[in-house]
Amino acid sequence: MQDDARYLKRKVTAGSLDVHPTEKALVVHYEVEASILAEGGGHMLGERKEGQKIIRVKSLSPSTDVGALAKKVVEECKLIPASRLPQVEQLLYYLQNRKSTPVEGKMEKKEKRPVKPRELTPFDGMELNEEANITRVDEYIELLYEGIPEKIRGSALILQLARNPDNLEELLNNEAALGALARVLREDWKQSVELATIIIYIFFCFSSFSQFHGVVSHYKIGALCMSVVEHELKRHDVWREELRKKNKAYILLSGGIFTAAMTAMAVVAPRSGHIMWAVMTETLSFRYYVCVLQAEVDTVERLACLVPCDHDDLLNLTLRLLLNLSFDSGLRAKMVEVGLLPKLTALLGDENSRQVALRILYHISIDDRFKGMFVYTDCIPQLMQMLYEHGEEDTEAELLSICINLAANKRNAQLICEGNGLKMLMKRALKMKDCLLMKMIRNISQHDGATKPVFIDYVGDLAAEIRAEEEEEWVLECLGTLANLTIPDLDWELVLKEYNLVPYLKDRLKPASAEDDLILEVVIMIGTVSMDDACAAMLAKSGIIPALIELLNAQQEDDEFVCQIVYVFYQMVFHQATRDVIIKDTQAPAYLIDLMHDKNAEIRKVCDNTLDIIAEYDEEWGRKIQSEKFRFHNNQWLEMVESRQADESEPYLYDNDNDRTDLFYSADGITPADGSVSPDFFNDLQPQNGDMHHTGDGSDVFDQTSSSPGRPATAYGFRPDEQPFYQYS
């Protein structure tokens, strides 16, 4: 019979010694060999495990005595034998002269700051006299099934392990440990703040690494933390009421002032309050809960109750968490639903909360469905006041970003322009050549109604900025603003001549002459000025039409380019001078015929209307256009018949008594079903939908005021429901 195992032998062997890759620290590798011995001393069972110890030398500086520090390290670390003193000294010398990494630099700055509660200074309950060992986790788990004192001891030992990142993965794989901790927190947090604090701290250690966020979310730790906060806030209110009744100004608790901020973080005693503050701070922190709380549907409602609140630190943490959650579109909608929009707007006047509140409002302003709701708050007047107060200083990106988004809404734009709003914006943008500010103005300029005529006073200022020597990004915004000004009373011919814009527009039409965004705005600008007859003639003489066709060839895969170029042709065929150039001197109609059946509905719409006008004024092209329409519709009919015949579940397309297949060839039913009539026959048909119409006096009623398909939308600037500006850093 084998002897009973009674003795445990543990042997630690030092391994390699190296420097930490990012911190001012030494890394000591070691191996632990554990052997179970029988009563007679015989070897029964053994296991080896590798580990490492990090020795941080925060005091190391260029003036440090490396030799003395090396001796101190060897004396205090039992894992490093005295024979390795020269190696330790050499490694410390390397650390002393190594350039600081970005991580190291941040840590050094952090060390220079005064200690705050969120820096997780240990408290008495977690500083045990015994040292935790990862091999004894099962023993610590058993303590979680005992009384409160044993649970505190067991969780504190597990916390010792969790504070070492090297142990987190092994703890993660121990489902019994995490399950027991979550259960104890859920069932006993009201019985012991110390116990709750330790367990939350353990999960905080996991939340510090994104790869472990799943376990925090799985056990609903975020919801439990919110419950702790709400419970302690209620307790705090009760205590304050009692204090009010007793007419006492403060409470002394164990020699320390019991502050409202500490109470909000579930404080019962100073030794536990400090760590609870730190843990809850990081639980609500922007950095660590990017995705953990998003799945908890009631989080936004519960956080909304804390905005605003009397505790500055708690308010700051709540806003940071709301900012984090606002990256999710569904949670943004929830924020608006629970009434956070006016609350956040009110915080713009608070210097401490303004920055975070502004960023949350920016995220809300991205959604088109919420832009109009800003009209019912005091947000826009406050934003304009903030812009005004900046003077000639560089304006904050966050402030300009939300203004750009809100300006894409017509009612918001009207509010922005009230008083001298537009004048102030134009003056600031032109003086500082601020591209973001001009982007905001560009969004305002897109709206029809009262705001657009106000821009007439600034047409000359904007046109003066359209020069080759200016930065492309700046020219893009100025040109885009000008292109939006579809104002009937504006003399575009005078503008083009005064500022010599035609050569610039023509040069920028060349493929690869500039960024695609700028070339597209040039096309849109040409479409705007082409509504004027004199401008259209000027552009035709300059050779812009062939340049547009060349650009159409180069950008035929880009629907937006194609649509805008076709729209230019549509505007130009209304004018005699440009119509003749398009029809007789170019192959533009051939390109338009090819685009009649494009997959993009907007391209088809503009193309059809343009071809209808061409067919009216040129008999030869009219026959070709009608022939192509006939061919296309005939093919559609044949494909439909073949698909119907192939469907066995529907063998008969019509009743035998009402077989009128000829109706599919013509809307009036007079075209023979055998297709024997030439396509030229269609030239003599009565007008149908989409065909040309004439008045009794012979004039064409298909003009750009009554029958225009409307300016095609672009990715930026013509639809208030489009999102004009997403980027934010």
Side-chain angles (χ1 to χ4, degrees), residues 8 10 32 34 47 49 51 120-209 211-232 265-269 271-280 282-283 288-289 292 296:
L8 177 64
R10 186 169 176 266
V32 179
E47 182 181 359
K49 185 176 180 67
L120 301 178
T121 305
F123 68 99
D124 297 342
M126 56 172 278
E127 293 298 322
L128 302 178
N129 294 328
E130 57 184 309
E131 183 179 351
N133 192 313
I134 192 67
T135 61
R136 301 176 61 189
V137 173
D138 292 341
E139 297 179 22
Y140 309 150
I141 296 174
E142 291 179 4
L143 294 174
L144 299 178
Y145 293 90
E146 304 293 336
I148 294 297
E150 290 79 12
K151 290 178 180 178
I152 292 175
R153 175 171 170 263
S155 58
L157 288 166
I158 296 176
L159 176 56
Q160 281 189 28
L161 300 174
R163 293 180 68 187
N164 183 351
D166 298 330
N167 295 327
L168 289 178
E169 189 168 358
E170 188 162 342
L171 288 173
L172 179 69
N173 295 328
N174 194 324
E175 295 183 6
L178 296 179
L181 288 168
R183 176 188 58 79
V184 171
L185 177 62
R186 186 168 52 253
E187 296 176 356
D188 298 333
W189 67 267
K190 288 186 180 180
Q191 298 184 41
S192 171
V193 172
E194 185 175 359
L195 176 63
T197 300
I198 295 172
I199 298 177
I200 292 175
Y201 194 168
I202 293 171
F203 283 101
F204 158 72
C205 293
F206 282 99
S207 74
S208 300
F209 301 91
Q211 60 265 41
F212 299 136
H213 280 181
V215 67
V216 185
S217 177
H218 174 73
Y219 289 108
K220 305 292 184 184
I221 302 304
L224 286 172
C225 289
M226 292 301 302
S227 298
V228 173
V229 173
E230 291 173 346
H231 177 75
E232 295 303 329
M265 287 300 156
V267 177
V268 173
R271 68 190 186 99
S272 62
H274 190 62
I275 188 63
M276 175 60 83
W277 171 276
V279 173
M280 293 304 297
E282 294 302 340
T283 299
Y288 297 123
Y289 270 86
V292 171
E296 299 173 9

Determine whether Ile134 and Leu171 satisfy the following criterion, side-chain contact (heavy atoms from CB on, under 4.5 Å), listing intermediate values before the conclusion.
CA-CA 9 Å; Ile134 192 67; Leu171 288 173; 4.3 Å; yes

Asp188-Gln191 side chain donor-acceptor pair, cut-off 3.5 Å
yes

Tell me, yes or no, whether the heavy-atom count around Glu187 atom CD, taken from other residues, nucleotides or ligands under 6.0 Å, exceeds 12.
yes

Tyr145 six-ring face occupied by Arg183 cation (under 6.0 Å, within 45°)
yes

Looking only at non-hydrogen atoms, find the nearest pair between Ile148 and Ser192 and report the distance.
CG2-CB, 4.0 Å

Test side chain to side chain contact (heavy atoms under 4.5 Å, CB included) applied to Ile221 and Val216, Val215, Ile199, the passing residue
Val216

Could you grab the distance from atom CD1 of Ile198 to atom NZ of Lys151, nearest 0.5 Å is fine?
13.0 Å

Identify the residue among Asn173, Ile158, Leu172 that makes a side chain to side chain contact (heavy atoms under 4.5 Å, CB included) with Leu178.
Leu172

Within the structure provided, determine whether Tyr140 and Arg153 are in side-chain contact (heavy-atom separation under 4.5 Å).
no

Heavy atoms from other residues, nucleotides or ligands near CD of Glu146 exceed 12 (cutoff 6.0 Å)
yes

Can a donor-acceptor pair be found, under 3.5 Å and without considering hydrogens, that links the side chain of Glu150 to the backbone of Gly147?
yes

Salt bridge (Lys or Arg N to Asp or Glu O under 4.0 Å) involving Arg186 - partner list, sequence neighbours excluded
none

The reported gap from CH2 in Trp189 to CG in Leu195 (rounded to nearest 0.5 angstrom) is 12.0 Å

Give a yes or no on whether a salt bridge exists between Arg136 and Glu139, defined as a side-chain N under 4.0 angstrom from a carboxylate O.
yes

Taking the side chain as every heavy atom from C-beta outward, state whether Asn174 and Ile141 have any pair of such atoms under 4.5 Å apart.
yes

Could you check whether any side-chain N or O of Asn167 sits under 3.5 Å from a backbone N or O of Ala162, counting only pairs where one atom can act as donor and the other as acceptor?
no

Rounded at 0.5 Å granularity, tell me how far CD1 in Ile200 sits from CG in Leu181.
11.5 Å

Search all heavy atoms of Ser155 against all heavy atoms of Ile202 and return the closest pair with its distance.
O-CD1, 3.5 Å

Once you round to the nearest 0.5 Å, how far does OH of Tyr219 lie from CZ of Phe206?
9.5 Å

As an exercise, state the distance from CD of Gln160 to CG of Asn133, rounded to the nearest 0.5 Å.
10.5 Å

Minimum heavy-atom distance between Leu168 and Cys205, given as atom pair plus value:
CD1-O, 3.7 Å

Could you grab the distance from atom CG of Leu185 to atom CG of Leu224, nearest 0.5 Å is fine?
5.0 Å

